[in-house]
Amino acid sequence: MAKLVVPQTSEEVASLVGAVALAILGVIIVSALYVGREIFVPVALAILLSFALASPVSALQRLKVPRGIAVVGVVLFAFAIIFALGSLIAAQLNRLAGDLPSYQVTIQSKIQSVRGITGGSSTLERAAGMLQDLGKELDKPKGAVPEKSVSPSLGSPLGSRPVAPVPVEVLQPDPGALESLRSLIAPLISPLATTGIIVIFVIFILIQREDLRNRLIRLAGSHDLQRTTAALDDAGNRLSRLFLNQLLINTGFGILIGAGLWLIGIPSAVLWGILAAVLRFVPYIGSIIAAAFPLALAVAVQPGWSMLVWTAALFFVVEPAVGQIVEPMVYGRSTGLSPIAVVVSATFWTALWGPIGLVLATPLTVCLVVLGRHVERLAFLDVMFGDRPALSAAEIFYQRMLAGDPTEATEKAEEYLKERSLSSYYDEVAIKGLLLAQSDLERDVLDHSRLVKIRDTVVEFAEDLSEQTDQEPRGERSTIDAEAAAAVEAAAAEPIYPDLPILKRSDLPVEWQGDYPVLCIAGRTALDEAAGIMFAQLCNVHGLQTRIEGPDALSTSNIFRLQTEGVSMVCLSYLNASNPAQVRYAVRRLRRKLPHASILVGLWSGTGDSQRAVSVKESSKTDVLASTLREATRVCIEAARPDLAILEDVSVKRETNNLAS
């Protein structure tokens with residue numbers, strides 16, 4: 001039976017061809033980087049060093065030093081420091097090599113003591129001896145003749161005469177002076193040539209920095225100057241900050257380790273301090289490698305074990321302190337890469353370029369992430385390697401509501417609340433998550449059971465946050481959660497409003513002292529009811545007890561049975577009021593039911609669609625229109641206590657003026 005072939009659309013074919021072309025281009029680039037590593041490694045080192053030296057050059061230029069002199073001076077000074085450190089390392093290594101034979105006795109005595117503790121010849125030693133005997137037996141050539149008996153007196157087989165071996169000596173001709181000089185210089189030619197290339201590249205990159213930037217903009221496309229400039233500035237600032245911070249932190253780390261090892265008594269402490277500072281540029285495993293050498297030397301130097309313990313304690317204390325306390329304070333919340341990206345990049349670049357690739361892995365991957373953030377076709381690089389969350393806070397909230405898991409949503413909210421208020425979380429995260437659900441509902445991908453599940457999960461979620469207050473934190477705490485940090489950064493930098501007051505029931509007018517002076521009714525769906533639950537919680541937090549009713553309460557048969565005793569304010573909750581007639585009829589019914597109550601219509605879609613908001617307000621004849629939960633809560637507080645002067649934000653005033661016009 002023939003298979004039915006479904007024809008593909010032109011868009012699908014184009015997408016497939018683009019993916020294949022991108023994969024082929026990636027293979028070509030990786031192959032070129034591997035084959036031409038002798039060329040690309042010096043160039044990459046020069047570019048990255050230019051990022052690190054750009055700040056000192058700019059500082060000298062601000063002091064009116066000519067650019068050429070500033071560049072040459074900074075580059076020569078930097079490489080002088082590098083060569084001085086190299087000479088110091090060589091001297092320390094020579095000294096250590098001369099002292100190593102004196103440590104042999106200590107090592108042998110410790111081996112004997114360890115054997116004594118384990119009880120002499122152990123089972124493992126006997127097993128090792130047996131394996132060695134078997135190996136010798138297996139190594140015998142096939143068909144080997146057993147050895148003949150040897151005469152103990154003559155030292156040769158019986159009946160035969162001893163054969164004396166003939167010594168053979170190969171003599172080399174005496175090399176001349178030129179040959180000796182060539183053999184001495186040959187190993188130094190390649191490193192010196194590479195260093196010279198790097199120095200020249202760094203100088204020209206720093207001198208021609210603006211010209212190179214303009215040429216890159218031209219190559220990337222001068223038609224989109226904003227995006228290209230943003231990408232270059234982001235890459236330059238991020239890499240310069242990364243290099244300088246790493247240099248300062250790792251230098252301090254090396255000084256602490258070197259000083260600590262000197263106090264402990266480890267020989268060549270300066271060498272191990274420099275090695276610790278250099279190896280710490282290698283992520284994760286660099287500090288472990290740096291600790292291995294002093295630990296091994298501690299075993300060989302002292303007959304006892306105290307030096308080994310103190311050395312291990314030094315690394316165990318200094319490394320976590322620098323990594324967990326100092327680095328977050330210097331780098332901020334993120335360095336731009338996720339932990340898995342650091343490991344993957346270190347593996348990839350090491351396989352590609354060797355040890356130099358291991359050192360360059362992090363800055364090169366930062367460049368790729370910056371490209372992914374500013375080039376649409378390379379956005380997958382940011383998703384794969386960047387430290388920004390793959391899902392936004394609103395998407396995480398919606399996904400947790402769909403899964404019926406309020407616990408994780410509460411944990412994320414509590415992290416957000418360390419830096420922002422409860423109303424800010426509801427407006428910036430939760431309502432946007434419900435708007436995603438509203439979008440799915442309009443596309444007919446959400447059935448009634450899922451809507452009910454989302455509503456019920458929001459009820460549990462709001463109950464979990466019932467102990468929270470709606471006040472802006474005063475900077476006592478900061479979140480370390482990546483998703484919450486991204487949500488805080490995406491929100492307004494400053495509080496949208498000043499803190500709203502908390503009302504006391506005894507201070508309210510008589511008509512507002514009922515059990516539930518505020519009534520919130522969902523406009524159309526269970527999603528509107530979920531938004532109304534959040535609004536009710538905000539009102540309760542500020543001292544206005546609020547009751548929530550579902551969308552069925554607005555039907556003709558149910559509205560007359562609606563309990564309205566003591567209600568002074570009615571809020572209609574809508575995530576989408578695309579049909580103003582529904583809002584108009586709902587307001588008209590509530591006018592007949594509650595002629596003396598104020599009616600507030602909440603369009604929780606934000607401030608983006610002001611024209612629709614004006615249309616809804618004019619057609620429904622409502623008293624007040626609010627676009628955020630915080631604004632609606634403020635309106636209720638002002639209605640209950642007109643004597644309280646609550647300052648508005650400029651954006652709110654602007655929005656009110658737009659609505660009025």
Side-chain angles (χ1 to χ4, degrees), residues 422-435 437-438 441 455 458 462 470 496-497 500 516-542 544-551 553-554 567-591 594 597-640 646 648-649 651-652 655-656 658-659:
L422 180 62
S423 56
S424 174
Y425 177 81
Y426 278 155
D427 284 329
E428 299 290 343
V429 178
I431 288 296
K432 292 180 180 179
L434 292 180
L435 287 173
Q438 180 67 33
L441 178 63
R455 190 269 319 275
V458 169
D470 186 28
I496 298 178
Y497 300 110
L500 299 178
Y516 295 102
V518 180
L519 173 64
C520 182
I521 303 176
R524 298 172 57 234
T525 66
L527 295 178
D528 298 332
E529 185 177 356
I533 292 170
M534 300 177 190
F535 166 74
Q537 184 181 6
L538 286 179
C539 289
N540 292 334
V541 167
H542 289 280
L544 295 176
Q545 298 302 314
T546 305
R547 189 175 86 249
I548 182 73
E549 295 286 347
L554 291 175
V567 174
S568 298
M569 174 73 75
V570 181
C571 175
L572 286 173
S573 174
Y574 288 95
L575 282 170
N576 182 16
S578 56
N579 186 2
Q582 292 179 337
V583 182
R584 182 172 68 250
Y585 293 142
V587 172
R588 186 179 301 173
R589 293 171 186 171
L590 289 173
R591 291 283 187 203
L594 294 161
S598 300
I599 298 179
L600 164 68
V601 174
L603 299 181
W604 314 127
S605 56
T607 60
D609 196 352
S610 58
Q611 294 183 351
R612 188 181 66 177
V614 171
S615 175
V616 170
K617 182 174 176 60
E618 292 178 350
S619 62
S620 63
K621 307 298 181 183
T622 185
D623 296 323
V624 187
L625 187 69
S627 60
T628 64
L629 298 180
R630 181 66 178 265
E631 183 186 357
T633 306
R634 178 184 59 83
V635 169
C636 293
I637 293 175
E638 289 180 343
I646 302 175
E648 295 182 356
D649 188 75
S651 61
V652 178
E655 178 195 351
T656 304
N658 291 336
L659 294 178

Once rounded to the nearest 0.5 Å, what's the spacing between atom CG of Leu575 and atom OG1 of Thr525? 6.5 Å
Run the side chain to side chain donor-acceptor pair (under 3.5 Å) test against Tyr426 and tell me which residues pass, sequence neighbours left out. Gln537
Using the test salt bridge (Lys or Arg N to Asp or Glu O under 4.0 Å), find all partners of Arg591 that sit at least two apart in sequence or belong to another chain. Asp623
CG of Asp528 to CG of Leu572, rounded to nearest 0.5 Å, is 10.0 Å
All heavy atoms of Ala531 vs all of Leu434, minimum pair found to be N-CD1, 3.8 Å
All heavy atoms of Ala640 vs all of Leu544, minimum pair found to be CB-CD2, 4.0 Å
Between CD1 of Ile521 and CG of Leu554, what distance do you get to the nearest 0.5 Å? 5.0 Å
Minimal non-hydrogen separation, Phe535 against Ala632, with atom names: CE1-CB, 3.6 Å
For the residue pair Cys520 and Ser573, what are the closest heavy atoms and their distance? SG-CB, 4.2 Å
Measuring from atom OG1 of Thr633 to atom CG of Leu422, what distance do you get when rounded to the nearest 0.5 angstrom? 9.5 Å
Minimum heavy-atom separation for Glu631 to Leu625, with atom names? OE2-O, 3.9 Å
In Å, rounded to the nearest 0.5 Å, how long is the span from CH2 of Trp604 to OG1 of Thr628? 7.5 Å
Say you draw a straight line from CG of Asn540 to CG of Asp470; how long is it, rounded to the nearest 0.5 Å? 12.0 Å
Arg524: partners by salt bridge (Lys or Arg N to Asp or Glu O under 4.0 Å), with sequence neighbours left out: none
Apply side-chain contact (heavy atoms from CB on, under 4.5 Å) to residues Val624 and Ser598 and explain how you reach the verdict. CA-CA 8 Å; Val624 187; Ser598 300; over 6 Å; no
Assess whether side-chain contact (heavy atoms from CB on, under 4.5 Å) is satisfied between Cys571 and Leu600, documenting all intermediate values. CA-CA 5 Å; Cys571 175; Leu600 164 68; 4.0 Å; yes
For Pro517 versus Gln545, what's the shortest heavy-atom pair and its separation? CD-O, 3.1 Å
Just wondering, do Arg630 and Leu500 contact through their side chains at under 4.5 Å, heavy atoms? yes
